Amino acid sequence: MDIKICSEAFDPWQEIQSHQHSVADIAGKFGATNIFIGTMRDFNEGDDVKGMTLEHYPGMTEKQLGKIVAEALQQWPVIDALVVHRVGDILPNEPIVLVAVWTSHRGDAFDASRYIMEALKSRAPFWKKELLESEVERWLVKNTDGYL
Amino acid sequence: MDIKICSEAFDPWQEIQSHQHSVADIAGKFGATNIFIGTMRDFNEGDDVKGMTLEHYPGMTEKQLGKIVAEALQQWPVIDALVVHRVGDILPNEPIVLVAVWTSHRGDAFDASRYIMEALKSRAPFWKKELLESEVERWLVKNTDGYL
Amino acid sequence: MSIKVRYFASLKESIGRSEDILGLAGMATVGDVWRYANPNKALPDNTLAAVNMDYVELSSPVKDGDEVAFFPPVTGG
Amino acid sequence: MSIKVRYFASLKESIGRSEDILGLAGMATVGDVWRYANPNKALPDNTLAAVNMDYVELSSPVKDGDEVAFFPPVTGG
């Protein structure tokens with residue numbers, strides 16, 4: 001299990017591969033991997049967005065993410081999991097969050113990955129401030145249910 | 001949208017990246033990517049498995065996968081999708097299937113990716129024959145509901 | 001009419017052929033195609049059938065030039 | 001008792017401070033901590049609170065040395 005907070009841009013494929021290679025006993029044992037990547041868009045709520053700053057609460061972020069992953073491990077037979085979250089100044093098209101879950105069977109991989117993402121969205125202390133093309137800065141007020 | 005049948009081992013990270021780079025208008029437009037990877041395990045039903053042969057019905061496979069992806073596009077606002085499936089002789093720890101879905105919002109990415117995987121499992125004409133460590137060969141009889 | 005019949009996976013192995021070319025007179029269904037091609041073997045339970053690469057019921061009609069396929073439940077992914 | 005209070009994101013900007021160190025006498029709740037630190041400002045609706053990096057209700061007690069945090073709904077991921 002690994003939880004990382006990155007203040008620089010990260011490459012999700014590189015992160016997944018190096019994590020997978022770092023887990024010695026995993027080869028041949030997992031049958032399913034589900035991965036979610038959240039990426040910064042260049043528009044939101046009808047406005048062009050040129051950048052974003054992600055603030056977090058150092059310490060609490062890691063603690064809450066650790067709890068969330070532990071909850072997923074209690075509910076599903078998860079072989080391994082990786083969560084990477086970006087903080088600081090972010091540009092459009094850069095990854096914000098990566099969740100990867102390795103399991104034996106596909107249903108568990110989908111369920112656990114989605115659980116971690118939804119819990120992260122509602123409980124992990126991160127806050128986004130958008131910088132619009134118009135130079136206006138605005139804090140996001142709340143996360144959506146995932147369909148808006 | 002892209003559907004590929006591979007007779008050689010494929011690198012899922014390479015496939016996703018080259019697909020994402022090939023879609024000119026996607027940068028900054030997608031907020032969510034869900035990826036499922038099915039990987040060959042070295043055990044099944046209590047036996048050690050040393051290899052697998054995946055047979056398919058050329059032509060029908062592509063036709064059915066195309067229909068499944070089209071159904072997903074009708075049900076969710078999918079920006080792009082990629083399906084890669086291996087055929088031929090496969091070794092443990094090699095990827096068998098890759099499904100990747102790009103959307104604006106996370107709920108749609110999870111839903112569409114899972115829909116494609118479940119439909120692929122029940123309708124795409126592929127058949128697995130396992131080669132056990134004991135040298136016994138056996139056809140898989142049916143796919144599971146995803147939790148066994 | 002001429003019908004191409006294809007068999008896959010364990011079904012192909014159990015009947016020992018991957019393909020038949022049938023010449024049928026009159027109307028026929030997918031089930032008739034099986035019986036004509038395999039007069040001494042009942043269609044195994046759970047066998048799936050396709051005509052021209054789309055899934056069909058055994059009661060579906062076939063026409064000249066169709067490709068009919070029989071195969072066990074699929075196990076990809 | 002000594003309590004460290006932290007503010008984040010838009011709440012930090014609106015009150016103009018990121019941190020307070022309070023000296024409180026007697027028993028107190030998380031809600032009391034807010035009122036003591038911000039006597040002229042009502043706690044904004046939807047504000048979340050944490051003690052020692054775990055979410056708590058405003059009625060939760062605090063003890064000497066606790067780190068209390070107030071922040072708006074989270075928007076990560």
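Note that the structure is predicted; figures quoted are calculated from it, not measured. Every chain is numbered from 1 and lettered A, B, ... according to where its sequence line falls, protein lines coming before strand lines. The analysis underlying the following values was restricted to heavy atoms, covering all of them including side chains, and did not include hydrogens, waters or symmetry mates.
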Tyr55(C) side chain reached by Met60(B) side chain, heavy atoms, under 4.5 Å
yes
Looking only at heavy atoms, which of residues 12-19 of chain C get nearer than 4.5 Å to chain B?
Lys12(C), Glu13(C)
Among the options Arg123(B), Lys142(B), Met117(B), pick out the one with the most heavy-atom pairs lying under 4.5 Å from chain C.
Arg123(B)
With chain C as the partner, which of His56(B), Lys128(B), Lys129(B) has the greatest number of non-hydrogen pairs under 4.5 Å?
Lys128(B)
Where Lys63(B) and Asn52(C) come nearest, the two heavy atoms and their spacing:
NZ-O, 3.0 Å
Polar side-chain atom of His85(B) near backbone of Gly77(C) as donor-acceptor pair, under 3.5 Å
yes
State, to 0.1 Å, how close Trp127(B) and Pro72(C) come at their nearest heavy-atom pair, and which atoms those are.
NE1-O, 2.9 Å
Contacts of residues 29-49 of chain C with chain B (heavy atom under 4.5 Å)
none
Return the minimal non-hydrogen interatomic distance between Ala69(C) and Tyr57(B), and the atom names on each side.
CB-CE1, 3.4 Å
Is there side-chain contact between Asp54(C) and Gln64(B), with heavy atoms separated by less than 4.5 Å?
yes
Pro73(C) and Val141(B): which non-hydrogen atoms are nearest, and at how many Å?
CB-O, 3.8 Å
Correct closest heavy-atom pair for Leu140(B) and Thr75(C) would be O-CG2, 3.6 Å
Could you look at Thr61(B) and say if it's the side chain, the backbone, both or neither that has a heavy atom under 4.5 Å from chain C?
neither
